[in-house]
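These numbers come from a predicted model, not from an experiment.
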Amino acid sequence: MLDAQLSRPEKGESVRVRFAPSPTGYPHLGNIRTALFNWLFARHCGGKFVLRIEDTDVARRVEGATEAILDGLRWLRLDWDEGPYFQSQRLGIYREVADQLLENGYAYLCYCSPRRLEAMRQEQVRRKQPPKYDRHCRHLTQKAKAELEASGITPVVRFQTPLEGQTEFQDLIRGEIVFENATLDDFVLLKSDGYPTYHLANIADDHSMEISHVLRADEWLSSTPRHMLLYRALGWQPPKFAHLPMILGPDKSKLSKRHGAVSITEYRDQGYLPEAMTNFLTLLGWSLDDKTELLSLEEIVRHFSLKRIGKTAAIFNKDKLEWMNGVYLRRLSLKEFAEQATIFLERHFSASAEWPPPPEYVYQVMPLIQERARTLAQAPQLSEFFFIDELEYDSSLLLSRGMSSTSATQAIKVTLDRLKAVGNWDVASLEGFLRPLAAELGLSARVFFGLLRVAITGRTAAPPLFETMAIIGKKRCSERLTRALDKLSTLD
RNA sequence: GCCCCCAUCGUCUAGAGGCCUAGGACAUCGGCCUUUCAAGCCGGUAACAGGGAUUCGAAUUCCCUUGGGGGCACCA
């Protein structure tokens, strides 16, 4: 186990963390979980949370990605204290750092063409060698350099990695990590288009932004020795590192588009609540104790600590997210739920003839959906028969409790006939009328109500019958029963 | 191929040598409630990857094996 001291900021040390996504795609759950942990750590420690967009890859830049990232963070209420900074607007800083490295002999210019590098790599892979730059330009003679310079080739700047020795560092989650320098190669710092690579820009910014703790995904662990080497070459104090366990897809591989809904904004659009999302994501890699699972963001902030972050990668389990979202949905006040659900109903039914119904009507339906929905996107499906009059259902459903066509027809006819006499159209009156009727017809409640349920809702599974009928109203109930009669007549 | 990390129920996890006959949650399977569904309640199935070592005692420490993941770009 790790020394507790490691995980706690030292006395008087101010915590500054950052979330530094690259806008090369929409933010997925893994990215967001990283943001969340950084945010939680900052808020728990009373530190600062900085947002930085690492847009140094011009070719892979995705339109709208930055906005999606900001939207996602805002939606989850992960507010930032500084930024967003954009690396593309700070190119001068990286150039200076690269020059400094060049001057001090920690870096060199490389004129190798992409073709040569690619050919070299393929050959290495073919010979089952680790693909590494062969350091061709590291030992260029003055004459060769001058010639290449004159040829007009724009060089890249490469770091001159020590050929021997070890680079070690303390990871706040994993403890001491040691790499042999010989396994590292001379990585590129500055690309020929003038943009820095991740390694350069990242450490330059973490330094200038005075980042105290770097909480990032595990996939960066093997890059950390390069970063340590850079800090050392520049004479800078490195931040503390904590490599977070990865979030994997159901096939145990790194989360990506092939795993379906993966972008945080998709979850919003599918009707997950931000508080359910943050609660769930927090539990992927962190735990409070052996039983507490439902935690508000405030509670998580209060208890969050690096010490309780696990080491093992977590597979994203959508079932549990849905369950948790259902819990949060049911916890909303009726008013809050109605506001949220109405957005989804609107979206779904706006084209139908019956929409919009009176607001009071919609409001009456809400409690019936609220206890059944796991996501808001399920609201329209769960309540369709309240808002659409032309019910599409298979006539045979009317006989699904094992009744004969004649007895079903008879039962509905009698019901229809007696309905006329019902005065108060409320739950109690309906129950007081229908229960005795079942007995009178010699049918069990299960069978009789099952039949009526299909006639009224077109489904075998629906909210309680009396409440449903009370809301739908006498007139429309009668119409639906009549329609069921028609359907039954076509059955034989 | 090389380097690094990881290893408890199907999944998320609790577990820092005796509190472990391994706890909780999702899922799953029964049952109760009940007009169906949902919710709720009760109960069941289900895990320490394997092998050594240390120890009176190991899920917990060490080593090896195996398995899984990640990295090895003028991508981040």
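Under the ring pair (Phe, Tyr, Trp, His ring centres under 6.0 Å) criterion, Phe159(A) pairs with Phe187(A), not counting sequence neighbours.
Here Tyr94(A) and Tyr195(A) keep their ring centres 6.0 angstrom or further from each other.
The distance from atom NZ of Lys311(A) to atom C1' of U60(B) is 12 Å, rounded to the nearest whole Å.
Checked against His227(A) for a ring pair (Phe, Tyr, Trp, His ring centres under 6.0 Å), the options Tyr198(A), Trp220(A), Phe241(A), Phe179(A) give a single hit: Tyr198(A).
The side chain of Ser287(A) approaches U13(B) more closely than any other nucleotide in the set U35(B), A38(B), U13(B). Checked against U36(B), C5(B), U11(B), the side chain of Leu221(A) finds its nearest nucleotide in C5(B). Listed nucleotides A39(B), U36(B), G68(B) differ in distance to Lys252(A); the shortest reach to its side chain belongs to G68(B). Looking at the side chain of Ser253(A), the nearest of the listed nucleotides G1(B), U13(B), G70(B) is G70(B). In this structure, of U35(B), C26(B), G69(B), it is U35(B) that holds the atom nearest to the side chain of Ala445(A).
Looking at Asn31(A) and Thr34(A), their side chains never bring a donor and an acceptor atom within 3.5 Å of each other.
Close to U35(B), at under 4.0 Å from its OP1 or OP2, lies a side-chain N or O of Arg435(A). Taking only side-chain nitrogens and oxygens, Thr312(A) never comes nearer than 4.0 Å to OP1 or OP2 of A7(B). Phosphate proximity of U36(B) to Arg446(A): present, with a side-chain N or O under 4.0 Å from OP1 or OP2.
Both the sub-6.0 Å distance and the 45° axial angle are satisfied by Arg331(A) relative to the ring of Tyr328(A).
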Quick tally for nucleotides 71-76 of chain B: nucleotides whose base has a protein heavy atom under 4.0 Å get B, sugar-phosphate-only ones S, the rest -, giving SBSBBB
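Using a distance-only test at 3.5 Å, with no hydrogens or angles considered, no donor-acceptor pair links the side chain of Asp55(A) to the main chain of Pro23(A).
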